Protein chains: 2
Amino acid sequence: MPPRRARSERVTLLDVANVLGISSITVSRALREPEKVSEPLRQKILRQVEQMGYVPDLAARALASRHNGIIGVLAPALTNHAYLGIMSGIEERVRDTDFRIQYANTNHDADQEYRQVKLFLSQHPAGILLTGLQDQRVSDLLELAPCPVVQIVDLNLLPSGIAVGINHREAAETATRHLLACGYRRIGLIGGSRDLRAQRRHDGYALVMQEAGLYDPGLVMTEHKQTSMQLGCDLFKRLLETAPDVDAVFCQNDDLALGALFEAQRAGLRVPDDFGICGYNDLDFALCAEPRLTTIRVPRFQMGYRATDLIIRAINDECLPSRVIQLPFDLIQRGSTRPPA
Amino acid sequence: MPPRRARSERVTLLDVANVLGISSITVSRALREPEKVSEPLRQKILRQVEQMGYVPDLAARALASRHNGIIGVLAPALTNHAYLGIMSGIEERVRDTDFRIQYANTNHDADQEYRQVKLFLSQHPAGILLTGLQDQRVSDLLELAPCPVVQIVDLNLLPSGIAVGINHREAAETATRHLLACGYRRIGLIGGSRDLRAQRRHDGYALVMQEAGLYDPGLVMTEHKQTSMQLGCDLFKRLLETAPDVDAVFCQNDDLALGALFEAQRAGLRVPDDFGICGYNDLDFALCAEPRLTTIRVPRFQMGYRATDLIIRAINDECLPSRVIQLPFDLIQRGSTRPPA
DNA sequence: CTGTTAGCGCTTTCAA
DNA sequence: TTGAAAGCGCTAACAG
């Protein structure tokens, strides 16, 4: 721990209490349990608190009581566009509660995930929301966590704790079947396979292609990288070189799909007539691309909202409606695939 | 603060100390100031700590000492793609230090910004990194902060504290001059003006257009909304209706620019021949769009890295190289604008 | 409804 | 190099 820095004299509960000639616990109660303090006194206290600029010390509160009121959210990559909807759902649910949200990145890395979970835990959080790798060490840690933990996961795997998610494998099956129904035959897959959820999408694709007798490993282009449009461009180019007769791609997310779309345009392919593209996530830009992107819609706002709701219920010791919530997905047909036959 | 939840018996410093028959302060020192404990004892302690799974309690540490080792980062919208580079810079700088990062959203809202700053402060953070609105209440709060605060800002305004940034107005001037140099005349502006930095970009545009005698308020389309490709589409459509003779747009960021590009394609405009588009930020997709996007490159990784470096130096009481670091920007000419005459 | 007491787990300060 | 004592600011538990 590095050296010091002058600490400005913080206003404490006691300071406020002294001014009013009452005890600090009464001030504390006025703030946290208003109904336990008489109305006139409460008013006086609140006014004084305001005037002196008192701000509660969360470290002290966390130490003296159960938790600090903060729900920690761990995500592989906070800047992932797909996380936007999840965040909105989370923040919507805590609005008008006394809980607050803080985020950290795990960078798709089990070690970092482990460290960040420990970091949150060591601050006495009210709860933890994890979109994680389902690593064993982390699970062990969470098993003993003194606060509720909810995971946003792929539900094809059996989550041990409380979880919200969709079945990514089934969603990928739906997407692949749609491409087949549109009459495409040499259907490729583009993906960044760093992540379990992405892995399940691959499984769904492979399953359907095998059923159809059309599976060809040469049509699968993945790279262990953070996905991006640029990666979509690169993988698409590689796919086109490897298998020039490819006539469609299922992309593991919309970023990749948009990259593929641009690259297809550069290659002079006409989408959707010569070539079909299906994305995943239904990010906002899927609707404004030209042509608009066929994709799988995932209820991300709901995922964030319901996951946070589960946490809050668990903190409040309510019994949960269920430990695992499976959310639906939808295939959104747009201009980047031909109408199904 | 909601009710309880069984607290699992946390291993404390004292537990470890008791097992070894020493005092807890020695264990504490072995962990934080290794050089102050004899080598053999230190080894024994570290082994025991490991074995008992001791994890320091940051709340207690924060309360007893100066700070909790966490640098809080506040951003308007963490899922903004432009923040990715900044985050990478931040996290790169803290890698291999004992500092950790936690994030929170302010949603471009002064009240939320104020509340989040208070929330971080009440946890005894090691430092705060703010990409904010420069609201007066927040500034007052930070003035008294017991930890270093660094802002990532527009440097055309005079920041009061420590800051890193670029001059957004000048950057916008450069972009607009470039469009003029390409021979475009009826140059519009598309933007979401919620944010100071965005506001400065508007100023730069207006300045240059006025100089050229070409300024027309009818060519400015802004909306107080979070920017997105969809917003780019909408504003572009509106621009085209309002001023059918518009022949170029400067977009306040690349998301908007890409939306505008799609919409231009749908309208049958040929980019860059009939119509020029210039973005802002040089996000990864600017390079893969078709045509590739002319844009302003902002050194986001550097902004994050250097801002964090300033914080860490300030925490360590080093004297700072300077209180304000101005970073350069670059105009990146690509296919969405004609070559300049 | 209000107050007293004790202690959360750690680090600071001072002493040995 | 190690330890003892005190206290950071708050809240739980129990009184009155």
Side-chain angles (χ1 to χ4, degrees), chain A residues 1-18 20-45 49 52-69 98 121-124 126 146, chain B residues 1-18 20-45 49 52-69 98 121-124 126 146:
Chain A
M1 189 101 339
R4 75 199 48 196
R5 169 146 296 266
R7 166 187 260 152
S8 73
E9 0 45 43
R10 187 183 251 292
V11 179
T12 71
L13 276 184
L14 194 60
D15 297 332
V16 179
N18 284 153
L20 295 171
I22 58 179
S23 92
S24 62
I25 184 68
T26 304
V27 181
S28 171
R29 282 201 273 253
L31 262 22
R32 291 174 305 124
E33 307 167 291
E35 73 283 4
K36 293 198 175 171
V37 178
S38 73
E39 190 54 24
L41 181 52
R42 223 197 62 182
Q43 292 301 336
K44 253 180 33 185
I45 293 176
V49 159
M52 298 178 67
Y54 166 76
V55 178
D57 184 318
L58 283 196
R61 176 179 287 179
L63 191 56
S65 73
R66 217 126 270 88
H67 67 247
N68 64 6
D98 281 334
L121 286 178
S122 69
Q123 296 173 81
H124 305 233
Chain B
M1 190 103 339
R4 75 199 48 195
R5 168 145 300 264
R7 165 187 263 152
S8 74
E9 0 46 40
R10 187 182 250 293
V11 180
T12 70
L13 276 184
L14 193 60
D15 296 333
V16 178
N18 283 152
L20 295 170
I22 58 181
S23 93
S24 62
I25 182 63
T26 304
V27 181
S28 171
R29 282 202 273 253
L31 261 22
R32 291 173 307 125
E33 308 167 291
E35 72 283 5
K36 292 198 174 172
V37 178
S38 71
E39 190 54 23
L41 182 52
R42 224 198 60 184
Q43 292 301 336
K44 254 181 31 186
I45 293 175
V49 159
M52 298 178 68
Y54 167 76
V55 178
D57 184 318
L58 284 197
R61 176 179 287 180
L63 190 57
S65 73
R66 214 130 273 84
H67 67 247
N68 64 7
D98 281 335
L121 285 177
S122 69
Q123 297 173 80
H124 305 234

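When reading the values below, keep in mind they use all heavy atoms of this one structure, side chains included, and skip hydrogens, waters and symmetry mates. Because the structure is a prediction, the values reported are computed rather than measured. Each chain gets a letter, A, B and so on, in the order the sequences are listed, and its residues count up from 1.
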Would you tell me if any nitrogen or oxygen in the side chain of B:Ser38 comes within less than 4.0 Å of OP1 or OP2 on D:dT2?
yes
Enumerate the protein-to-nucleotides 3-7 of chain D contacts in which both atoms are nitrogen or oxygen and the separation is below 3.5 Å.
{"unit_1": "D:dG3", "atom_1": "OP2", "unit_2": "B:Ser23", "atom_2": "N", "d": "3.4"}
{"unit_1": "D:dG3", "atom_1": "OP2", "unit_2": "B:Thr26", "atom_2": "OG1", "d": "2.4"}
{"unit_1": "D:dG3", "atom_1": "N7", "unit_2": "B:Arg29", "atom_2": "NH2", "d": "2.6"}
{"unit_1": "D:dG3", "atom_1": "O6", "unit_2": "B:Arg29", "atom_2": "NH1", "d": "3.4"}
{"unit_1": "D:dG3", "atom_1": "O6", "unit_2": "B:Arg29", "atom_2": "NH2", "d": "3.4"}

Figure out the [atom1]/[atom2] separation between [X] and [N], and round it to whole Å.
| X | N | atom1 | atom2 | answer |
| --- | --- | --- | --- | --- |
| A:Arg61 | D:dA12 | CZ | C1' | 14 Å |
| B:Leu14 | C:dT11 | CG | P | 13 Å |
| B:Glu33 | C:dT11 | CD | P | 9 Å |
| B:Asp57 | C:dC10 | CG | C1' | 8 Å |
| A:His67 | D:dA12 | NE2 | P | 10 Å |
| A:Leu63 | C:dG7 | CG | P | 14 Å |
| B:Arg42 | D:dT1 | CZ | P | 12 Å |
| B:Glu39 | D:dT1 | CD | P | 11 Å |

Within the side chain of B:Asp15, is there an N or O that forms a donor-acceptor pair under 3.5 Å with the backbone of B:Thr12?
yes
For A:Arg61, is there any backbone N or O sitting under 3.5 Å from a side-chain donor or acceptor partner on A:Ser65?
yes
For a quick test of reading the model, state the closest non-hydrogen atom pair linking [X] to [Y] and the distance between them.
| X | Y | answer |
| --- | --- | --- |
| B:Leu63 | A:Ala59 | N-CB, 4.2 Å |
| A:Pro34 | A:Arg42 | CB-NH1, 3.3 Å |
| B:Asn68 | B:Ala126 | OD1-N, 3.8 Å |
| B:His124 | A:Asp57 | NE2-OD2, 2.5 Å |

Let's see if you can work this out: which of D:dT2, C:dT2, D:dT11 has an atom nearest to the side-chain heavy atoms of A:Ser28?
D:dT11
Nucleotide of C:dC8, C:dC1, D:dT11 approaching A:Arg32 most closely (side-chain heavy atoms)
D:dT11
Hey, mind stepping through A:Tyr54 and A:Leu31 against side chain to side chain contact (heavy atoms under 4.5 Å, CB included) and telling me if it holds?
CA-CA 11 Å; A:Tyr54 166 76; A:Leu31 262 22; 3.6 Å; yes
Given that B:Ala60 and B:Lys36 both sit by DNA chain D, which one's nearest nucleotide is further toward the 5' end?
B:Lys36
dist B:Leu13:CG -> B:Ser23:OG (nearest 0.5 Å) comes out at 9.5 Å
Distance from B:Thr26 atom OG1 to B:Lys44 atom NZ, nearest 0.5 Å?
11.0 Å
Mind checking if A:Glu35 touches a base, just sugar-phosphate, or nothing, with heavy atoms under 4.0 Å?
sugar-phosphate
State, to the nearest 10°, the angle formed by the axis through the first five base pairs of the helix from C:dC1-D:dG16 to C:dA16-D:dT1 and the axis through its last five.
30°
